[in-house]
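Notes follow once the structure below has been shown.
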Amino acid sequence: MAASATIVQCRTVTTSAIAYGKRNFRKFPVYGKRGTKQFKETPIQHLEPEIQRRFDRGVRAVGVYVGKKFQVIPEMIPELIVPDLEGFKLKPYVSYRTPDVVQSEFGPQDLFYAVYSEKIAEDFKNNKLDENLNPLEPSDEELLTAEEAKNKALSIGSDRFT
């Protein structure tokens, strides 16, 4: 018995294009997200402000365009303030051999002990407390109300957010 190969032909209807996914990509220019070379060569001052911001690459402008002329504004030029380190004894780096500092969380009780405990103990020794154990000579921090203390903690220069 001989094996025979038969081909079964059948008609089909397809909805896809004949090119089977092959396209002429010259019709669809693909370029980088920063624009084409031709677009980059156009003068920036003639572009819209939103498009101008795309090409500044994070550098702040030191002036503005007035018509076609760029006008420098001295207040917009950044000024670097560098301290004089003449005679400064510390080195400008920290050695990798420096031991790690492991410190527990600084909580409210630790803050109380750091700020008020010495004064309370001193007032107790010197009998400067009344019958309700309130200080007879309170410090400025002890006279603050809760609202004043909160405003002081949220004010500029407080170290709450550092």
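Given the structure is predicted, the values throughout are model-derived calculations rather than measurements.
The backbone N or O of Gly107 lies less than 3.5 Å from a partner atom in the side chain of Asp110, making a donor-acceptor pair. Proximity of a side-chain donor or acceptor of Asp130 to a complementary backbone N or O of Asn132 within less than 3.5 Å is detected.
Of all non-hydrogen atoms in Phe106 and Ala114, the two that sit nearest each other are CZ-CB, 4.2 Å.
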Tell me which donor-acceptor pairs under 3.5 Å the side chains of residues 144-151 have, and how far apart each pair is, sequence neighbours excluded?
residue: Thr145; atom: OG1; partner: Glu148; partner atom: N; Å: 3.3
residue: Glu148; atom: OE1; partner: Thr145; partner atom: N; Å: 3.1
residue: Asn151; atom: ND2; partner: Glu147; partner atom: O; Å: 3.4

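One hydrophobic cluster holds both Val66 and Met76 under the rule that ILVMFWY side chains link at heavy-atom gaps under 4.5 Å.
Looking at Ile73 and Val64, their side chains come closer than 4.5 Å, going by heavy atoms from C-beta outward. Residues Lys128 and Pro135 fail the side-chain proximity criterion, which asks for heavy atoms closer than 4.5 Å.
Counting heavy-atom neighbours within 6.0 Å of Tyr113 OH, excluding the residue itself, gives a total of 12 or less.
Here the CG-CG distance, from Asn134 to Asp123, works out to 11.0 Å after rounding to the nearest 0.5 Å.
The other members of the hydrophobic cluster of Phe124, by chain and number, are Leu129, Leu133 (side-chain heavy atoms under 4.5 Å, ILVMFWY only).
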